[in-house]
Amino acid sequence: TQLLEQSPQFLSIQEGENLTVYCNSSSVFSSLQWYRQEPGEGPVLLVTVVTGGEVKKLKRLTFQFGDARKDSSLHITAAQPGDTGLYLCAGYNQGGKLIFGQGTELSVKP
Amino acid sequence: KAGVTQTPRYLIKTRGQQVTLSCSPISGHRSVSWYQQTPGQGLQFLFEYFSETQRNKGNFPGRFSGRQFSNSRSEMNVSTLELGDSALYLCASRDSRTYEQYFGPGTRLTVT
C-alpha cells in the first residue's frame with residue numbers, strides 16, 4: 001500500500017519565522033502535488049513536482065522533490081499570518097487513485 | 001473559467017436518511033472525483049467518474065454511490081446515513097492534460 005506521511009502534523013510559529021514541512025513515502029511516485037486548504041473550503045493546488053531533485057518556487061514557498069521521487073518538502077520563508085492553513089501533499093498510487101498525506105496544520109501568529 | 005461548484009454547501013440529516021450531493025466540474029473537465037474529509041481519517045478517495053463511467057473506487061461501503069451525467073456533472077448519494085458519515089465531502093475535477101485536480105468548496109454534512 002502506498003502511503004504518504006507528513007510531518008509535523010501541527011506547527012505553530014510566529015510571523016517572520018521559517019518552516020519546513022515534509023512528505024515521505026517508501027514508494028516511488030511519478031509526481032507529487034502540494035495543496036493548501038483553509039477552514040470550510042476545498043484544497044487549492046499550489047504546485048506539482050515531477051522530476052526527481054526538482055525545486056519549484058512560489059514567492060516565499062519552495063518545494064522540492066526528492067532525487068528518488070519518494071519524498072518532498074515545502075519550505076516557507078518569513079511566514080505570514082496569511083500562510084495559516086492545512087498543507088497537504090498528494091500523489092497518484094499505482095491504482096490511479098490520488099492519495100493524500102494526513103496534512104500539516106500551520107498556524108502563524110502575528 | 002468558473003471553478004468547481006458543489007451544492008448544497010451545508011446539510012443536516014438524521015441517521016437512517018439518505019442524501020444526494022451535487023458537483024459541477026470545470027468546463028471541459030471530464031473526470032470528477034469525490035473525497036470524504038474527516039479530522040480523524042483525513043482526505044479519503046471515494047470514487048472517480050470519467051465520461052459517465054466509474055473508473056475507480058475507494059474502500060467505502062456500498063451505501064456510498066455516485067453517477068455522472070453526459071454534461072460531466074456528478075452526484076453522489078449516501079443511503080442509510082450513520083453518525084460516522086458526518087464529514088466534508090469534496091468534489092474535484094481533473095485536467096486530462098496535466099492530471100492536476102481542482103477542488104470545489106465542499107459540502108459539510110452533519111448526521112444527527
Side-chain angles (χ1 to χ4, degrees), chain A residues 1-10 21-25 27-51 54 56 58 63 65 69 72 85-107, chain B residues 1-11 21 23-26 29 31-50 53-60 66 87-110:
Chain A
T1 305
Q2 289 174 286
L3 292 173
L4 287 168
E5 295 182 1
Q6 280 186 245
S7 62
Q9 273 190 284
F10 302 95
V21 176
Y22 299 93
C23 175
N24 295 301
S25 176
S27 305
V28 174
F29 283 85
S30 57
S31 67
L32 282 178
Q33 301 173 0
W34 284 92
Y35 293 82
R36 178 168 159 260
Q37 184 178 20
E38 296 190 36
E41 297 295 329
V44 174
L45 180 66
L46 296 173
V47 79
T48 302
V49 286
V50 179
T51 308
E54 180 178 10
K56 279 191 174 177
L58 196 66
F63 304 85
F65 201 12
R69 291 186 288 129
S72 182
L86 179 68
Y87 289 82
L88 296 153
C89 66
Y92 285 97
N93 69 6
Q94 290 172 344
K97 301 172 190 174
L98 187 65
I99 60 169
F100 284 82
Q102 284 292 84
T104 296
E105 216 163 314
L106 171 65
S107 173
Chain B
K1 272 188 184 175
V4 177
T5 58
Q6 291 186 247
T7 56
R9 290 293 310 273
Y10 303 93
L11 209 47
L21 312 181
C23 170
S24 291
I26 291 172
H29 289 189
S31 166
V32 173
S33 295
W34 289 88
Y35 297 83
Q36 182 196 64
Q37 186 175 31
T38 59
Q41 299 297 317
L43 259 161
Q44 291 189 290
F45 173 81
L46 278 158
F47 26 68
E48 180 194 4
Y49 286 86
F50 182 86
T53 302
Q54 187 179 86
R55 193 154 72 170
N56 229 327
K57 192 175 189 310
N59 298 324
F60 279 82
L88 182 66
Y89 289 88
L90 293 159
C91 163
S93 72
R94 186 165 73 180
D95 185 319
S96 59
R97 294 169 300 128
T98 65
Y99 271 65
E100 291 174 342
Q101 295 219 359
Y102 298 88
F103 284 83
T107 294
R108 170 71 62 187
L109 171 65
T110 302

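Note that the coordinates shown come from a computational prediction; the quantities given were computed from them, not determined experimentally. Chain A is the first sequence line, chain B the second, and so forth, proteins listed ahead of strands; every chain is numbered from 1.
Annotation: the span from A:Thr48 atom OG1 to B:Gln101 atom CD amounts to 10.5 Å, rounded to 0.5 Å. Expressed to the nearest 0.5 Å, how far CZ of B:Phe45 lies from CD1 of A:Ile99 amounts to 11.5 Å. Remark: A:Leu86 CG to B:Leu43 CG distance equals 8.0 Å, nearest 0.5 Å. Note: A:Gln33 CD to B:Thr98 OG1 = 8.0 Å, rounded to the nearest 0.5 Å.
In this structure, chain B has a heavy atom under 4.5 Å from the side chain of A:Leu45, while its backbone stays farther away. Contact annotation for B:Arg9: only side-chain heavy atoms (C-beta onward) come within less than 4.5 Å of a heavy atom of chain A. A:Gln37 touches chain B through its side chain: at least one heavy atom from C-beta onward sits under 4.5 Å away, while N, CA, C and O do not.
The nearest pair of heavy atoms linking B:Leu90 to A:Gly42 is CD2-CA, 3.6 Å.
Within residues 34-42 of chain B, the residues that have a heavy atom under 4.5 Å from a heavy atom of chain A are B:Tyr35, B:Gln37, B:Gly40, B:Gln41, B:Gly42, listed by number.
When B:Glu100, B:Gln44, B:Glu48 are compared by the number of non-hydrogen pairs under 4.5 Å with chain A, B:Glu100 comes out ahead. Comparing B:Lys57, B:Arg108, B:Arg55 by how many heavy-atom pairs each has under 4.5 Å with chain A, the most go to B:Lys57.
Within 6.0 Å of CZ on B:Phe60 lie more than 12 heavy atoms contributed by other residues, nucleotides or ligands. Open room surrounds CD on A:Glu5; 12 or fewer heavy atoms of other groups in view lie less than 6.0 Å from it.
At distances below 3.5 Å, not a single donor-acceptor pair connects side-chain atoms of A:Tyr35 with backbone N or O atoms of B:Phe103.
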